[in-house]
Number of protein chains: 2
Amino acid sequence: MPGPIQSLSRAAAIMRLLAGGERRLGLSEVATALDLAKGTAHGILRTLQQEGFVEQDPESGKYQLGAELLRLGQSYLDVHELRARALVWADDLARAAGETVYLGVLHQQGVLIVHHVFRPDDTRQVLEVGSMQPLHSTAIGKVLVAYDPVARGELGDGPYESYTLRTLTGAGELDAECALIRERGWADSVEETWEGVASIAALIQDRRRNPVGAVCINGPVERVCEDGFVKPSLVASVRSAARAISRDLGAGRF
Amino acid sequence: MPGPIQSLSRAAAIMRLLAGGERRLGLSEVATALDLAKGTAHGILRTLQQEGFVEQDPESGKYQLGAELLRLGQSYLDVHELRARALVWADDLARAAGETVYLGVLHQQGVLIVHHVFRPDDTRQVLEVGSMQPLHSTAIGKVLVAYDPVARGELGDGPYESYTLRTLTGAGELDAECALIRERGWADSVEETWEGVASIAALIQDRRRNPVGAVCINGPVERVCEDGFVKPSLVASVRSAARAISRDLGAGRF
DNA sequence: ACAGGCGGTCGACATTGTCGACCGCAGTGG
DNA sequence: CCACTGCGGTCGACAATGTCGACCGCCTGT
């Protein structure tokens with residue numbers, strides 16, 4: 001039976017729809033958005049609600065995502081091998097660099113942040129775990145595109161969305177950049193996604209040299225860069241953290 | 001059609017199964033555990049995999065939860081109204097009390113932590129957002145049981161699991177405790193779940209006085225208690241934070 | 001009082017998911 | 001070295017199952 005289960009695909013589409021829209025959605029909105037009969041949409045929503053994946057506001061009758069998703073998402077992190085092995089290295093890296101550290105993996109057409117170490121100072125920061133970042137304009141994303149053919153495939157031929165004046169929007173530019181990244185073994189992104197923010201990333205591989213993710217440090221341009229280039233000492237820190245995690249993954253199984 | 005959609009319920013059961021077992025599970029394990037035909041289980045798993053809810057280790061063929069769950073779980077938090085309104089108050093409470101702050105809601109037979117503010121000092125701490133805690137032995141749980149009939153219903157008649165010598169394990173004891181909690185308006189839990197840990201919780205209500213969750217502070221017995229009782233000043237801080245959040249929810253809609 | 005929208009229900013229909021036998025492969029122990 | 005046993009995965013027949021669109025009661029704004 002090589003074909004997806006219809007009701008399941010539809011349920012997934014509904015959850016993604018609910019995740020996308022910032023506000024709660026009514027039954028009819030869901031039905032028309034996905035081109036389903038109201039009865040069908042209702043049946044799926046009722047089941048999802050019963051399972052805790054969706055909740056219904058009792059007075060408006062509108063639907064939103066449910067708590068069970070948070071619980072299962074947490075379980076995903078618990079099992080995640082890359083994350084488990086990277087925890088301590090990421091912490092050390094943040095301490096050494098004095099900047100925010102992200103650990104990201106390829107997911108669909110973006111980078112999914114699976115770990116986030118706050119900058120050591122105590123300014124108020126928002127946890128980014130579970131959020132998505134673009135592939136073509138972040139350091140982690142570009143590392144993945146450079147080394148993982150799947151990531152390159154997901155990216156397509158562009159043109160890519162421009163976030164700042166420095167965002168690379170053409171496939172040609174980006175492929176050239178990726179060649180450079182492969183040559184030197186690390187990627188940077190200076191104000192390509194957010195004004196004033198620079199980051200440096202390096203690849204993490206498993207024991208068979210498959211790319212499985214990337215680490216990066218992330219901070220204000222003034223601290224990460226010097227004379228218009230990222231500081232070599234930070235590059236060294238990131239690369240050695242990535243190597244350490246890769247080594248850990250390589251030895252760790254079995 | 002008032003009946004759950006079979007394939008969806010089964011898919012949910014599979015995901016919960018994968019979340020429960022610490023390790024990856026094989027197709028046959030899943031099928032026998034849930035009493036499904038292998039073909040059926042495979043069809044569901046294939047669809048879940050395609051949607052990103054489940055991933056398959058390419059060399060062992062075993063299944064684990066997928067990244068999409070993390071992303072959707074994050075979206076759940078983004079929409080969560082209680083959490084959004086509580087963010088700043090929880091932060092202030094943590095600062096004022098100098099202790100860890102949790103924000104929890106009832107989910108199934110437990111407390112789901114939806115927000116966690118680290119203790120202001122910089123010791124290494126693990127983020128508990130998305131994890132579950134018991135209803136009968138934590139301060140948040142007991143507050144919910146005391147005020148929310150649904151929570152009391154979920155708890156059942158016991159006996160409840162014992163974690164330390166001070167855990168209340170009988171329905172009678174617990175109901176008496178709940179009466180006390182309702183009378184004075186707050187709950188505590190001193191070493192009822194973890195040795196050496198004490199916490200104080202208060203209820204959060206929405207604009208129609210329905211219980212929707214609770215805040216608590218959590219810290220070592222030596223700092224939270226004095227002469228064998230929790231410090232009144234901390235109780236006052238927690239209660240005023242809970243009132244502030246409730247007020248925020250009450251005024252906030254529309 | 002009405003019209004229009006909502007969430008939710010119902011029952012007939014046939015699409016759809018389910019089942020259990022079967023396949024090829026890998027590891028294993030005789 | 002070769003049955004043998006377990007695995008993940010496939011196949012096709014069958015009927016149970018999810019789907020559809022009309023319908024219901026309710027609330028809201030007019």
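Chain identifiers are assigned alphabetically (A, B, ...) following the order of the sequence lines, protein sequences preceding nucleic acid strands; residue numbering begins at 1 within each chain. All heavy atoms count here, side chains included; hydrogens, waters and symmetry mates do not.
Dashed line: the shortest gap from a side-chain N or O of R10(B) to OP1 or OP2 of dG17(C) is not under 4.0 Å. Proximity of T40(B) to the phosphate of dC19(C): a side-chain N or O atom is located under 4.0 Å from OP1 or OP2.
In this structure, NE2 in H115(B) is found 14.0 Å from CH2 in W89(B), a value given to the nearest 0.5 Å.
Taking a 6.0 Å sphere around CZ of R209(B), one finds it holds 12 or fewer heavy atoms contributed by other residues, nucleotides or ligands. By the neighbour-count criterion of 12 heavy atoms within 6.0 Å, atom CH2 of W186(A) is densely surrounded, having more than that number from other residues, nucleotides or ligands.
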Polar-atom pairs under 3.5 Å, protein N or O versus N or O of nucleotides 3-8 of chain D: list them with distances, or write none.
residue : atom : partner : partner atom : Å
dG8(D)  : OP1  : L27(B)  : N            : 2.8
dG8(D)  : OP2  : S28(B)  : N            : 2.9
dG8(D)  : OP2  : S28(B)  : OG           : 2.5
dG8(D)  : N7   : K38(B)  : NZ           : 3.4
dG8(D)  : O6   : K38(B)  : NZ           : 3.4

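Remark: side-chain polar atoms of S189(B) are paired, donor with acceptor, to backbone N or O of S137(B) under 3.5 angstrom. In this structure a side-chain-to-backbone donor-acceptor pair under 3.5 Å is present from R182(B) to A146(B). Judged purely by atom type and a 3.5 angstrom limit, T47(A) uses its side chain to pair as donor or acceptor with the backbone of I5(B).
Here dT17(D) presents its C1' atom at 11 Å from CD of Q6(A), a figure rounded to the nearest Å. Rounded to an integer number of Å, the gap from CG of L36(B) to C1' of dG9(D) is 16 Å. With rounding to whole Å, Q49(A) atom CD is found 12 Å from dG8(C) atom C1'.
Closest to the R46(A) side chain, of the nucleotides dT19(D), dT10(D), dT9(C), is dT9(C).
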